[in-house]
S.K.: 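Please read through the structure below; I'll follow up with questions.
These figures come from a predicted structure and were not determined experimentally. No hydrogens, no waters, no symmetry mates; every other heavy atom, side chains included, goes into these values.
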Amino acid sequence: MADTYGISKSPTGIDGFDDLTSGGLPTGRPTLVCGAAGCGKTLFGATFLVHGARECDEPGVFVTFEERPADLISNVASLGFGLDKLVADDKVYIEHIAIDPAELAEIGDYNLEGLFIRLEMAVEQVGAKRVVLDTIESLFSAFTNPAILRAEIRRLFDWLKERELTTVITAERGEGTLTRRGLEEYVSDCVILLDHRVQNQISTRRLRIVKYRGTAHGTNEYPFLIDEDGFSVLPVSSLGLNYAVSDERISTGIPDLDAMLGGGGFHRGSSILVSGVAGAGKSSVAASFVDASCRRGEKTLFFSFEESAFQTARNMRSIGIDLQQWMKRDLLHYVAARPTLYGLEMHLAIMVREVARFQPKLVVLDPVSAFAAPGDMTEVQAMLLRMVDFLKAQQITAVFTNLTDARGNETQTEVGLSSMMDAWILLLNRESNGEYNRELYLLKARGMDHSNQVREFALGDSGINLSEPYLGEGGALTGSSRRAFEAKTRREKSARAAELSRLQQQLDHRRKKLEAQIEMLKTDLRSDEMELERMIETEATYLAQLQSDERELRRSRKDSHASKDEREPK
Amino acid sequence: MTDSDSNRRKLVLYVAGQTPKSLAAIANLKRICAEHLDAQYIVEVVDLKQNPILARKHGIVAIPTLVRQLPIPIRKIIGDLSDTQKVLVHLDVNGVGHE
């Protein structure tokens with residue numbers, strides 16, 4: 001396990017700790033683990049030893065000065081260590097060094113060779129590579145001569161180093177010093193401090209690497225957790241702002257909202273804040289995101305700080321979103337915890353751990369404002385910033401809901417979240433004409449063309465609908481005033497249509513009348529014309545008759561001439 | 001426990017090799033036995049370098065350790081036994097009638 005620094009490391013099997021130290025504890029060297037009573041020193045040692053025996057083929061010796069071996073085994077049994085099996089398999093030996101000062105008298109010079117003999121025997125018996133001394137300070141209460149003890153402890157550490165045993169030495173925290181007996185002066189390679197602090201009645205366990213020779217290590221305090229999964233350190237450091245970004249758009253689950261965002265929804269990996277007053281529909285919007293994500297077949301993690309999984313599932317069924325089916329299919333993982341259950345760091349740490357385990361594509365925190373109670377504002381902000389960074393670095397889309405004060409300014413988030421968010425959906429619940437109406441507004445959507453309209457937001461059996469805004473004379477209208485206005489407009493419209501058709505009919509009528517008149521006149525004209533034609537015809541007939549009559553007359557008057565004239569051309 | 005058991009005295013001195021402390025303790029114990037203790041005392045010297053398992057078995061940490069195994073309760077004295085009077089006090093030699 002050599003790293004770039006040339007120091008060989010022995011993994012401890014403690015989640016997160018090995019990452020933090022790039023490998024684990026320094027191999028073949030002693031490490032001092034100090035902390036107050038009940039902060040997990042023994043468990044740290046036990047985890048280190050069990051991991052070595054199980055996973056690294058490095059058997060170990062647990063030297064317990066306080067607990068009896070049977071107690072030790074049963075204490076860690078609940079964590080699934082199976083220490084008794086390892087003992088039976090000769091992978092671990094538990095050496096109990098019990099000294100009862102009551103039956104002991106010191107007369108003259110002595111040393112602790114007996115301890116060395118027993119340790120050596122135990123080490124040889126299992127071929128140990130790892131040793132835990134828990135806690136060597138008990139020797140100080142058993143033996144009264146500190147000069148001898150110090151010399152012997154120094155000799156013990158040298159002895160351990162000589163045999164290249166990777167050792168964990170636990171020690172009690174002292175007043176103003178790392179350890180009560182100043183053991184830190186003997187161990188120069190690696191010193192780890194465990195802390196257990198109570199703030200506002202919430203306890204948080206923290207771990208700090210005070211010293212680690214030859215290894216670059218974080219100097220921060222890292223929260224750690226002891227639960228059914230054992231000991232885990234949860235390093236959450238600020239990851240900076242150099243993450244990759246995605247152009248992919250993902251649907252919000254609300255088609256109308258997608259439309260407001262130019263059709264595609266939000267960018268994958270963006271942080272979306274949904275803020276609003278109580279009852280504005282924040283959780284419903286979040287559930288839509290979840291539903292859409294699960295529909296895409298993507299894993300989703302829901303952290304709820306107010307409701308249980310069943311409660312959320314039941315409530316969302318009322319708007320036609322079935323979250324239960326996704327939970328059953330392991331697409332949705334629901335984590336519910338009261339904010340006061342842990343400190344902020346621990347919440348963050350647990351969330352990070354859950355994210356790392358479940359590997360979701362979308363994470364919901366509902367609501368982040370719940371943290372305002374247990375933590376102070378700057379801490380909450382710092383925590384959320386780290387959460388945002390952490391999720392962004394992995395291109396996980398994050399939806400945060402935030403409760404705003406109904407009387408305050410809606411655009412003022414309590415924990416100053418806005419600057420770290422890429423998008424902000426504002427849910428308003430405005431009173432007008434004696435009723436409250438839900439409205440939705442996209443306050444911000446980085447890198448996206450988005451609608452600036454305030455939409456009316458309706459929760460129905462089939463999910464969330466955003467109605468087109470009705471822009472009346474007094475601004476956008478919502479609720480019943482909107483419906484009243486729409487009805488009024490409809491009535492006006494139909495009245496106007498009726499009027500128009502009446503006018504149309506009138507015109508038709510007139511046209512028909514006029515056309516009839518025109519027809520009559522045309523008929524008159526035609527009969528006049530016919531009369532005229534007849535007259536012309538009569539006239540022509542008359543004239544022809546007249547001519548023929550004249551000829552007849554002339555012939556009869558000058559009959560001879562006429563007959564002559566008539567005969568001549570013949 | 002029989003009468004003879006209750007009257008028996010057994011001391012075990014645990015040492016580790018031929019170190020000056022061990023040798024001093026052996027010498028001191030021999031001297032104390034010769035000068036102050038009667039024949040009731042059975043004295044045994046155990047070298048843990050030879051018999052390390054006994055260190056575990058008897059819970060020995062410091063070297064040298066003198067254990068008064070009998071009479072019960074067990075008493076332990078650690079050190080090179082250089083202070084004879086103290087050793088005698090802790091072995092409860094004067095309280096022979098201690099039952």
S.K.: Non-hydrogen atoms of chain B under 4.5 Å away: do they reach the side chain of A:E124, the backbone, both or neither?
M.R.: neither
S.K.: With a 3.5 Å distance limit and no angle check, can you tell me whether A:N145 reaches the backbone of A:A147 through a side-chain donor-acceptor pair?
M.R.: yes
S.K.: Count the heavy-atom pairs under 4.5 Å between each of B:N28, B:L66, B:I60 and chain A, then report the option with the highest count.
M.R.: B:I60
S.K.: Just so I understand: if I count every heavy-atom pair under 4.5 Å between each of B:T65, B:L48, B:I77 and chain A, which residue has the most?
M.R.: B:I77
S.K.: Check each atom of A:E152 against the heavy atoms of chain B and say whether the ones under 4.5 Å are side chain, backbone, both or neither.
M.R.: neither
S.K.: When heavy-atom pairs shorter than 4.5 Å are enumerated against chain A, which of B:I74, B:I78, B:V67 gives the highest number?
M.R.: B:I78
S.K.: For A:L149, which of A:T144, A:L112, A:N111, A:I136 qualifies under side-chain contact (heavy atoms from CB on, under 4.5 Å)?
M.R.: A:L112
S.K.: Given heavy-atom pairs under 4.5 angstrom as the criterion, report whether the side chain, backbone, both or neither of B:K21 touches chain A.
M.R.: side chain
S.K.: Under a 4.5 Å cutoff for heavy-atom pairs, which residue among A:A105, A:G114, A:G108 has the most contacts with chain B?
M.R.: A:A105
S.K.: Which atoms of B:I53 are under 4.5 Å from chain A, going by heavy atoms: the side chain, the backbone, both sets, or neither?
M.R.: both
S.K.: Less than 4.0 angstrom from a charged side-chain N to a carboxylate O is my criterion; do A:E164 and A:K129 meet it?
M.R.: no
S.K.: Please give me the minimum heavy-atom distance between B:P64 and B:V15, naming the atom from each residue.
M.R.: CB-CG1, 4.3 Å
S.K.: Contact part of A:A122 toward chain B, heavy-atom cut-off under 4.5 Å: side chain, backbone, both or neither?
M.R.: both
S.K.: Let's go through A:F17 and A:F224 carefully: what are the C-alpha distance in whole Å and the side-chain angles of both, what is the deciding distance for ring pair (Phe, Tyr, Trp, His ring centres under 6.0 Å) to 0.1 Å, and is it a yes or a no?
M.R.: CA-CA 9 Å; A:F17 183 81; A:F224 72 90; 9.9 Å; no
S.K.: Quick one: does A:S138's side chain have a donor or acceptor within less than 3.5 Å of a partner on A:E66's backbone?
M.R.: no
S.K.: May I ask you to say whether A:R154 pairs ionically with A:D158, meaning some side-chain N is under 4.0 Å from a carboxylate O?
M.R.: no
S.K.: Considering only heavy atoms, which portion of A:F143 lies under 4.5 Å from any heavy atom of chain B: side chain, backbone, both, or neither?
M.R.: side chain
